[in-house]
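I have placed the structure first, in the form of structure tokens, so that the comments after it can refer back to it.
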Amino acid sequence: MAGNITFTMIKPGAVKNGHIGAILNHINKGGFKIVAMKYVHLSPQMAGQFYAVHKERPFYGELVEFMSSGPIVAAVLQKDNAVEDFRTLIGATNPAEAAEGTVRKLYATSIGENAVHGSDSDENALIEANFHFSGTEMFA
Ligand code: ATP
Ligand code: MG
């Protein structure tokens with residue numbers, strides 16, 4: 001499965017603003033197969049653990065608070081070259097810099113509330129998928 005999966009979350013802002021369906025449609029049209037999916041409200045502890053790599057960054061507290069502010073949609077996606085292709089589909093971290101037609105350009109409201117997460121490497125995709133899903137919840 002390595003090399004062919006990525007992990008995503010539709011973040012609380014995009015969920016609150018009613019964009020779950022539109023974002024899933026982008027994902028499907030982009031050629032990704034959904035191999036796991038759940039609708040879940042992360043505790044501050046889980047959100048903090050997920051983004052622990054950013055612990056020392058000035059925006060960490062704000063990020064954890066936001067990611068635990070409401071439900072998210074977590075999913076594992078499969079496609080050749082999934083990590084890179086998904087990051088192309090979602091666009092730059094800052095929606096002001098995201099290319100036209102990307103998910104963040106269309107649905108993000110700020111760099112902090114940027115609609116979706118996408119894994120940054122094959123290794124992290126597996127770690128993140130396993131953080132949110134057990135083996136019996138993934139259907140690759
Ligand atoms: P993600 O990991 O959520 O897919 P990313 O890989 O594009 O995003 P990272 O550098 O990993 O970007 O940052 C993780 C998240 O932290 C970003 O998605 C964003 O919500 C938040 N973040 C990053 N930089 C800033 C910033 N300068 N100010 C506020 N929030 C930020
Ligand atoms: Mg990242």
Side-chain angles (χ1 to χ4, degrees):
M1 192 154 91
N4 293 321
I5 66 143
T6 191
F7 172 77
T8 188
M9 293 182 283
I10 301 176
K11 298 185 180 185
V15 169
K16 275 195 197 94
N17 292 331
H19 298 314
I20 294 176
I23 292 172
L24 291 178
N25 196 31
H26 269 266
I27 289 171
N28 282 329
K29 284 197 167 142
F32 294 86
K33 179 183 170 196
I34 296 169
V35 298
M37 186 159 71
K38 67 172 75 161
Y39 194 28
V40 61
H41 191 153
L42 300 179
S43 65
Q45 191 191 7
M46 263 193 97
Q49 209 181 327
F50 183 86
Y51 280 114
V53 63
H54 297 302
K55 234 184 354 245
E56 308 306 329
R57 310 280 289 275
F59 56 81
Y60 179 70
E62 195 186 315
L63 176 61
V64 170
E65 194 183 330
F66 170 60
M67 289 304 296
S68 57
S69 68
I72 59 148
V73 175
V76 181
L77 309 175
Q78 188 177 45
K79 181 184 188 296
D80 287 347
N81 204 34
V83 166
E84 194 187 337
D85 286 1
F86 191 69
R87 289 187 70 96
T88 301
L89 184 93
I90 66 179
T93 306
N94 185 349
E97 291 162 14
E100 288 301 326
T102 59
V103 172
R104 282 170 168 166
K105 182 71 174 187
L106 290 165
Y107 305 113
T109 54
S110 67
I111 189 168
E113 305 201 3
N114 61 1
V116 282
H117 165 81
S119 304
D120 60 13
S121 67
D122 291 342
E123 186 192 359
N124 283 336
L126 278 177
I127 291 170
E128 292 171 0
N130 289 321
F131 180 86
H132 286 272
F133 297 96
S134 69
T136 56
E137 294 173 321
M138 288 187 264
F139 309 100

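Separation of atoms CD1 (Ile90) and CG (Leu106) is listed at 12.5 Å; rounding is to 0.5 Å. Rounded to the nearest 0.5 Å, atoms NZ (Lys55) and OH (Tyr60) are 6.5 Å apart. Note that the OG1 atom of Thr8 and the NE2 atom of His132 stand 10.0 Å from one another [nearest 0.5 Å]. The NZ atom of Lys29 sits 11.5 Å away from atom CG of Leu89, with the distance rounded to the nearest 0.5 Å. Between the CG atom of Asp122 and the CD atom of Glu84 there is a distance of 10.0 Å, given to the nearest 0.5 Å.
Remark: side-chain polar atoms of Ser119 are paired, donor with acceptor, to backbone N or O of Phe7 under 3.5 angstrom. Looking only at distances, a side-chain donor or acceptor of Asn94 sits under 3.5 Å from a matching main-chain atom of Ala96. Distance alone, capped at 3.5 Å, is enough to place a donor-acceptor pair between the His41 side chain and the Ser68 backbone. Of the possible polar contacts, one joining the Asn130 side chain to the Leu126 backbone as a donor-acceptor pair under 3.5 Å is found.
Taking the side chain as every heavy atom from C-beta outward, Arg57 and Leu63 never approach each other to under 4.5 Å. Thr93 has its side chain within reach of Arg104: a pair of non-hydrogen atoms, C-beta onward, lies under 4.5 Å apart. Under the 4.5 Å side-chain criterion, counting only non-hydrogen atoms from C-beta, Lys11 is not in contact with Glu113. Annotation: side chain of Pro44 is not in contact with side chain of Glu65 (no heavy-atom distance under 4.5 Å). Side chains of Tyr39 and Ile20 form a contact here, defined as non-hydrogen atoms less than 4.5 Å apart.
A search for ring pair (Phe, Tyr, Trp, His ring centres under 6.0 Å) contacts involving Phe133 returns nothing, not counting sequence neighbours. The ring pair (Phe, Tyr, Trp, His ring centres under 6.0 Å) check on His26 picks up Tyr107, with sequence neighbours excluded.
Cation-pi geometry between Lys79 and Phe32 is met: under 6.0 angstrom from the ring centre, within 45 degrees of the axis.
What you find for Val76 and Met138 is that their closest heavy atoms are CG2-SD, 4.1 Å. When every heavy atom of Val15 is checked against every heavy atom of Val73, the shortest pair comes out as CG2-N, 4.3 Å. Contact detail for Ala129 and Ile5: the closest heavy-atom pair is CB-CD1, 4.2 Å. Contact detail for Thr109 and Pro95: the closest heavy-atom pair is C-CG, 4.4 Å. Between His117 and Phe50 the shortest heavy-atom distance is NE2-CZ, 3.6 Å. Minimum interatomic distance between Asn81 and Asn4 (heavy atoms only, all atoms of both residues): N-OD1, 4.1 Å.
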side-chain contact (heavy atoms from CB on, under 4.5 Å) evaluation trace for Asp120 with Val83: CA-CA 6 Å; Asp120 60 13; Val83 166; 5.7 Å; no
